[in-house]
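Okay, so here's the structure we're looking at.
First the proteins, then the strands, lettered A, B, ... as listed; each starts at 1.
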Amino acid sequence: MTADHLSTTFAALADPTRRAILARLASGETSVAELAAPFQISAPAITKHLKVLENAGLITRSRLAQWRPCKLEATPLQEASDFIEQYRQHWEQSLDRLDTYLKQLQAREKKREHKKR
Amino acid sequence: MSTKNAEHHRELVITRLFDAPRELVWQAWTNPQHVMRWWGPKGFSNSSCESDLRVGGSFLLNMRAPDGNIYPCKGIYREIVEPERIVYDSEADENHPCGAGLPPRSLVTVTFTEQGNKTTLTLHTRFKSAARKEAANLAGYSTSWGEALERLAEALK
């Protein structure tokens, strides 16, 4: 996975309307008209959002059916989600190691004090 | 979406309580000899660490993955309030999305709070909204995105 690939995904996810569209598509493929219904924006505006999502590989639009249904593509979302998870893991595991290390340092300190006495 | 919300969506917060006095946690966090002993996920090690602990100074660490790959971590200290707070500005390469702990174009704030003889550490990552807006949405992904992702997960079953 390249950073550039991720950038495109994140840029596409930047907009609340686009996120809402994706959330809607998570429950199944649907037509553009149906997608546009909950939003108070024009059809061309919806089409523009769909293009951004399509370019990011987040959705595909069937060329077979006349009504060109939109479908969610999960892979880029999964990659983006993996990145967050990877980053979180970096820190959770580093902090685990720090916790162990702090215990070692304190045990060493105690030993030293014990010797002094 | 309110501005406050938008801000919130760019952030990721991780907290941990350590059974150690704050001074010691601060030492373990700022002394390179100590840092090399714990920085990085399980199974990782560090081949070098340099820290110029002053505002504008840099933090450089080379993290080695179990497969031998080296992941550099680069940051600039933006704020240092001993023993309470450190702010890093990432200088990570775009090709390393995690930046070995300091992701590209992020501001990472580490806060050390005394609680009796224990210390709460808060690691706050703010993904900056730069020319390319992607980073701004990282944390939004894990917060506002939670619900959408759950539905997505359902859909993928």
For this session: Pull out the residues in residues 21-31 of chain B that come under 4.5 Å of chain A, heavy atom to heavy atom, sorted by number.
Result: B:P21, B:L24, B:V25, B:A28, B:W29
Exercise. Considering heavy atoms only, which positions within residues 37-67 of chain B lie below 4.5 Å of chain A?
Worked result: B:R37, B:W38, B:W39, B:G40, B:P41, B:K42, B:F44, B:M63
Is [Y] reachable from [X] through a run of I, L, V, M, F, W or Y residues, each pair having side-chain heavy atoms under 4.5 Å apart?
X     : Y     : value
B:M36 : B:Y77 : no
B:I14 : B:L17 : no
A:I41 : A:V52 : no
A:F39 : A:L35 : yes
A:V32 : A:L53 : yes

For this session: Count the heavy atoms belonging to other residues, nucleotides or ligands that lie under 6.0 Å from CZ of A:R63, then report whether that count exceeds 12.
Result: no
For this session: Assess whether atom CD of B:Q33 is packed by more than 12 heavy atoms of other residues, nucleotides or ligands within 6.0 Å.
Result: no
Exercise. A:Q86 and B:C98: side chain to side chain contact (heavy atoms under 4.5 Å, CB included), yes or no, with the steps?
Worked result: CA-CA 7 Å; A:Q86 205 186 331; B:C98 279; 3.9 Å; yes
Seminar exercise, completed: Applying side-chain hydrogen bond (donor to acceptor under 3.5 Å, both in side chains) to A:E34 and not counting sequence neighbours gives A:R24, A:T30
Exercise. Which bit of B:V110 is near chain A, if near means a heavy-atom gap under 4.5 Å: side chain, backbone, both or neither?
Worked result: neither
Problem set entry | Close contacts, residues 91-105 of chain A versus chain B, judged by heavy atoms under 4.5 Å | A:W91, A:E92, A:Q93, A:S94, A:L95, A:D96, A:R97, A:L98, A:D99, A:Y101, A:L102, A:Q104, A:L105
Problem set entry | Minimum heavy-atom distance between B:A100 and A:H90, given as atom pair plus value | O-CE1, 3.1 Å
